[in-house]
Amino acid sequence: MTKHFLDLRDYNKESLVGLVRRAIELKNGKKPKIKPGKILAMIFTKPSTRTNVSFHVAMQKLKGDALYLGSNALQLSRGETMGDTAKTLSRYVDAVMIRTFSHRDVLDLAAASSVPVINGLTDLLHPCQGLGDVMTITEHKGYDYDNIKVAFIGDGNNVCNSIINAAGIFGFKLTVASPKGFEPKKSILNLMQEKNKDINVTNDPTVAVKDADVIYTDVWVSMGDEEEEEQRREKFGRFQVNSTLLEKAKKDAIVMHCLPANRGEEVTDEVMDGPNSAIFDQAENRLHSQEAVLEYLLKK
Ligand code: CP
Ligand code: NVA
């Protein structure tokens, strides 16, 4: 069966901890173990800085290459099916990474592909971000996940869903604070709460950050939500990660943001550039954790 990386829930804790350990080894200079010359096709129907550049650089570090295929580069834009696209690309490349709107499209692409498919973000999930995030948490707080408390402040979006999945699998405590109506998806939450009883949701950010080791936030308006921009800005005002909120967490709490950030909205400059910020370590770790994923998917 073809291996894919579509959803953290497709993996157990042991495999994901293995990927985190490997990512840290690769970051520390260990050499990857795959044959040179592998090619990754990267389909993007939404913009990207980190995912695009980190996957491209990871492929170059693996002595392979990556093809950037933007919105209009493929016949997908004229209605060719995900299935036919997958069957064709499988004849040319060794793996496909896709960032798009519909999660269903990614599942359809993977179902028809005979090479590994990687989910580079959908409206539902961002598993590569989730893995890189756990790597960052591990570097700063260690592997004793049961004793780590994470607060996610803001929108119950794709990034939030993936951190919920990570909490369910790795076992860290997680409290999500979202405005009413913007809580994470029940379907994701319920399943992970069965695995980890320390996953909670509140509408009060100060409750969430109490005793937190990690404060995580993301934009209030994700790609595809632009029509709701005005309404969201009104509702999310109380959910800014600023120094007043940070003071309510543990003294050595780290602040995380998947980026890109809207400075002055969900996070202040002071916090983003302050001593507690692990935000650019987190951005860097996308590279190392994806290198570990690519090595795992591409080795025989
Ligand atoms: N965090 C993240 O996925 O960033 P990009 O949108 O720049 O890829
Ligand atoms: N939630 C954001 C994440 C960007 C990496 C979005 O989907 O736009």
Side-chain angles (χ1 to χ4, degrees), residues 5-8 23 40-59 66 68-71 96-106 118-137 152-166 176-179 182-185 188 214-229 231-233 235-236 239-241 254-263 265-267 272 277-291 293-294:
F5 193 77
L6 306 176
D7 184 329
L8 295 176
L40 174 72
M42 307 194 297
I43 304 173
F44 283 99
T45 69
K46 288 176 174 174
S48 168
T49 298
R50 279 140 290 268
T51 307
N52 174 16
V53 179
S54 59
F55 266 110
H56 201 150
V57 172
M59 285 309 295
Y68 178 88
L69 306 166
S71 290
V96 179
M97 193 281 297
I98 176 164
R99 162 170 291 195
T100 195
F101 294 85
S102 150
H103 193 72
R104 180 76 254 163
D105 282 351
V106 175
I118 300 167
N119 175 1
L121 177 148
T122 64
D123 289 346
L124 184 69
L125 295 173
H126 197 358
C128 295
Q129 185 68 55
L131 184 68
D133 293 344
V134 178
M135 176 185 176
T136 305
I137 293 171
F152 184 94
I153 310 297
D155 191 17
N157 60 18
N158 43 11
V159 168
C160 180
N161 289 337
S162 283
I163 207 73
I164 292 170
N165 286 339
V176 176
S178 307
F182 295 91
E183 295 95 345
K185 272 211 172 344
I188 301 234
V214 178
I215 300 182
Y216 194 165
T217 190
D218 185 15
V219 290
W220 297 339
V221 184
S222 282
M223 294 177 279
D225 290 336
E226 289 80 4
E227 273 179 18
E228 298 175 4
E229 203 165 322
Q231 180 206 358
R232 282 172 173 265
R233 292 229 157 86
K235 299 236 161 108
F236 280 79
F239 292 77
Q240 183 184 67
V241 176
I254 57 164
V255 175
M256 296 177 60
H257 190 311
C258 60
L259 300 177
N262 277 322
R263 284 169 175 264
E265 282 199 1
E266 74 278 2
V267 63
M272 199 160 156
S277 174
I279 292 173
F280 292 98
D281 292 343
Q282 184 185 1
E284 177 184 339
N285 286 341
R286 291 292 304 281
L287 170 64
H288 310 295
S289 54
Q290 286 159 197
E291 203 181 335
V293 169
L294 288 165

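Counting convention: from 1, in listed order, for ligands and their atoms alike.
Taking a 6.0 Å sphere around CD of Glu226, one finds it holds more than 12 heavy atoms contributed by other residues, nucleotides or ligands. The number of heavy-atom neighbours closer than 6.0 Å to NZ of Lys185, taken from other residues, nucleotides and ligands shown, is 12 or below.
One option in His126, Arg50, Lys46 has a heavy atom closer to atom 3 (O) of ligand 1 than any other, and that option is His126.
Protein heavy atom in closest approach to atom 3 (C) of ligand 2: Asp218 OD2, 3.7 Å. Ranking the protein heavy atoms by distance from atom 2 (C) of ligand 1 puts Arg286 NH1, 3.2 Å first. From the protein, the heavy atom lying nearest to atom 7 (O) of ligand 2 is Asn158 ND2, 2.8 Å. Of the protein's heavy atoms, Arg99 NH1, 2.8 Å lies nearest to atom 6 (O) of ligand 1. Counting only heavy atoms of the protein, atom 8 (O) of ligand 2 lies nearest to Met223 N, 2.8 Å.
Note: Gln282 CD to Tyr216 OH = 4.5 Å, rounded to the nearest 0.5 Å.
The shell of residues lying under 4.0 angstrom from ligand 1, judged by heavy atoms, excludes Leu121.
Counting atoms of ligand 2 from 1 in the listed order, those under 4.0 Å from a heavy atom of Leu121 are 3 (C), 4 (C), 5 (C), 7 (O). Interface atoms of ligand 2 facing Asn157, defined by a heavy-atom separation under 4.0 Å, are 1 (N).
A side-chain donor-acceptor contact under 3.5 Å links Ser54 and Gln290. Asn285 and Thr136 share a donor-acceptor pair across their side chains, judged by distance under 3.5 Å alone.
Using a 4.5 Å cut-off on side-chain heavy atoms (C-beta onward), Leu131 and Val134 make no contact.
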